[in-house]
Amino acid sequence: MSLPILTFFNNKGGVGKTSLLYHLAWMFAELGQRVVVADLDPQANLTAAFLEEDLIDQLWNQEPDKTNTIYQAVESLQEMGDIKSLEAQKITSNLYLITGDVRLSSFEDTLSTEWSQSLNDKNVYRPMRIQTAFWHVIQAVAQEKQANIILVDVGPNLGAINRSVLIATDYVIIPMGADLFSLQGLQNLGPTLREWRKAWQKRLTNWHDNSDSMKFHDMPLPKGEMSVIGYLYQQYGVRLNRPVKAYD
């Protein structure tokens, strides 16, 4: 049985999304919950908040037989390999990190190409495997660590990586700033999430009607519900609509 995934998402940057997730992860862990956090933003800011730079450098540049970042877990899919088992970083006994990686951005082209291929009449196993790679990695770590909560951070965009993450997501929370740009970002998200949800349901139907689903019947797939819990205003400030006098 898969564990529900909560993703923090807004295509407007600078709204405190990563900071909110970071503090909530610590809060849940200190309340006795077993938490897995996944950094699926190629900027890897959440990873930088949890780990020292020397350790991050070591994880990014380790031996090929080690798999300690999300990119290393899915990298082989860009050729003809498969998902690798990932070792999450232990922050505390109740808190584990799926480490981000700046190289994850190179996976975007593979996801974009295979998105259309996942609607083929045949040979859809590999495209579906690629599109759900993040979900499989996260769920494997959560089961291994016996997690109660999965929290996911993504970048502020509407690209193929975030689409793949949202496919894996059960619940979405949208952090916002109290400004016009955040409001516009919120207005963009609603139609996008509906479009992605509808497109994923079409691919699930195609999968179940495809002969590959019989050959690979043991491969679970996410439902892609993307249920929006709501939005959260942060960084509220008063804007003065009067000139500010300058003094010598």
Side-chain angles (χ1 to χ4, degrees), residues 5-15 17-19 21-22 25 35-91 95-118 125-142 144-145 150-169 196 222:
I5 294 175
L6 173 60
T7 297
F8 293 70
F9 183 38
N10 193 334
N11 68 314
K12 165 68 174 66
V15 296
K17 170 177 53 62
T18 301
S19 298
L21 192 157
Y22 175 82
V35 185
V36 167
V37 295
D39 188 356
L40 297 180
D41 181 355
Q43 296 183 52
N45 289 325
L46 184 63
T47 295
F50 278 110
L51 305 178
E52 297 292 336
E53 284 191 4
D54 288 347
L55 176 56
I56 296 172
D57 181 62
Q58 178 183 338
L59 295 174
W60 285 353
N61 298 286
Q62 59 191 345
E63 298 83 1
D65 60 334
K66 298 290 184 68
T67 307
N68 284 332
T69 77
I70 185 63
Y71 174 72
Q72 292 164 4
V74 302
E75 179 183 11
S76 296
L77 289 169
Q78 295 179 108
E79 298 173 358
M80 293 304 295
D82 200 4
I83 299 167
K84 294 181 180 179
S85 177
L86 182 148
E87 180 57 42
Q89 293 300 302
K90 180 179 179 180
I91 308 302
L95 181 55
Y96 294 86
L97 170 68
I98 295 178
T99 308
D101 195 319
V102 294
R103 293 170 295 182
L104 185 61
S105 58
S106 67
F107 194 53
E108 188 110 36
D109 288 343
T110 301
L111 288 168
S112 296
T113 300
E114 298 298 334
W115 179 248
S116 59
Q117 300 301 318
S118 58
Y125 168 75
R126 180 169 173 77
M128 293 294 281
R129 184 72 168 168
I130 289 172
Q131 294 302 323
T132 60
F134 296 143
W135 184 79
H136 285 286
V137 171
I138 293 170
Q139 291 294 337
V141 171
E144 178 190 353
K145 304 305 180 184
I150 301 173
L151 306 177
V152 177
D153 190 31
V154 292
N157 63 73
L158 301 177
I161 287 178
N162 283 359
R163 181 178 59 201
S164 184
V165 176
L166 268 293
I167 285 170
T169 296
W196 286 351

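Just so it is clear, the model here is predicted, and its values are computed rather than measured. Side chains included, hydrogens not; waters and symmetry mates left out as well; all remaining heavy atoms used.
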Point-to-point distance, once rounded to the nearest 0.5 Å, from OG1 of Thr99 to CG of Leu46: 9.5 Å
Hey, does the side chain of Ser116 reach the backbone of Thr113 with a donor-acceptor pair shorter than 3.5 angstrom? yes
Closest non-hydrogen atom pair between Trp196 and Leu158, with its separation: CZ2-O, 3.6 Å
Just by modelled atom types, is the Lys17 backbone N or O under 3.5 Å from a matching donor or acceptor in the Asp153 side chain? no
Run Val102 and Gln43 through side chain to side chain contact (heavy atoms under 4.5 Å, CB included) and show every step you take. CA-CA 6 Å; Val102 294; Gln43 296 183 52; over 6 Å; no
Checking Gln72 now: which residues fulfil side chain to side chain contact (heavy atoms under 4.5 Å, CB included) with it, not counting sequence neighbours? Gln62, Thr67, Asn68, Thr69, Asp101, Arg103
Point-to-point distance, once rounded to the nearest 0.5 Å, from CG of Leu104 to CD1 of Ile70: 7.0 Å
For Phe107, what residues pass the ring pair (Phe, Tyr, Trp, His ring centres under 6.0 Å) criterion, not counting sequence neighbours? Phe134
Under the side-chain hydrogen bond (donor to acceptor under 3.5 Å, both in side chains) test, which residues partner Asp109, sequence neighbours left out? none
If you take all heavy atoms of Glu114 and Ile130, which pair is closest and at what distance? CG-CD1, 3.5 Å
Of the non-hydrogen atoms in Ala25 and Val37, which two are nearest, and what is the gap between them? CB-CG1, 3.5 Å
Before giving the answer on side chain to side chain contact (heavy atoms under 4.5 Å, CB included), spell out for Thr7 and Val154 the whole-Å C-alpha distance, their side-chain angles and the decisive distance to 0.1 Å. CA-CA 8 Å; Thr7 297; Val154 292; 4.1 Å; yes
What distance do Ile167 atom CD1 and Ser118 atom OG have between them, rounded to the nearest 0.5 Å? 7.5 Å
Looking at CZ of Phe9 and CG of Leu166, how far apart are the two atoms once the value is rounded to the nearest 0.5 Å? 5.0 Å
Side chain to side chain contact (heavy atoms under 4.5 Å, CB included) partners of Thr132, counting only residues at least two apart: His136, Trp200, Leu221, Pro222
Partners passing side chain to side chain contact (heavy atoms under 4.5 Å, CB included) against Glu144 (at least two apart in sequence or in another chain): Glu87
Any side-chain to backbone donor/acceptor pair from Ser164 onto Ile161? Under 3.5 Å, distance only. no
Hey, are the side chains of Ser106 and Gln78 touching, using non-hydrogen atoms and a 4.5 Å cut-off? yes
Just how far is it from atom NZ of Lys90 to atom CG of Leu97, taken to the nearest 0.5 Å? 14.0 Å
What I'd like to find out is whether the side chain of Ile138 reaches to under 4.5 Å of the side chain of Val152, using heavy atoms alone. yes
Quick check: does any side chain N or O of Gln89 sit under 3.5 Å from a backbone N or O of Tyr96, one acting as donor and the other as acceptor? no
Between Ser112 and Arg163, what is the shortest heavy-atom contact and its length? CA-NH2, 4.1 Å
Solution key, residues 47-59 side-chain donor-acceptor pairs under 3.5 Å, sequence neighbours excluded:
unit_1 : atom_1 : unit_2 : atom_2 : d
Thr47  : OG1    : Asp39  : OD2    : 2.8
Thr47  : OG1    : Gly100 : N      : 2.7
Asp57  : OD1    : Asn61  : ND2    : 3.0

Distance-minimising heavy-atom pair for Ile5 and Ala168: CD1-O, 3.2 Å
Stepwise side chain to side chain contact (heavy atoms under 4.5 Å, CB included) check, Asp82 with Leu77: CA-CA 5 Å; Asp82 200 4; Leu77 289 169; 4.0 Å; yes
CG on Asn45 to OH on Tyr22, rounded to 0.5 Å: 13.0 Å
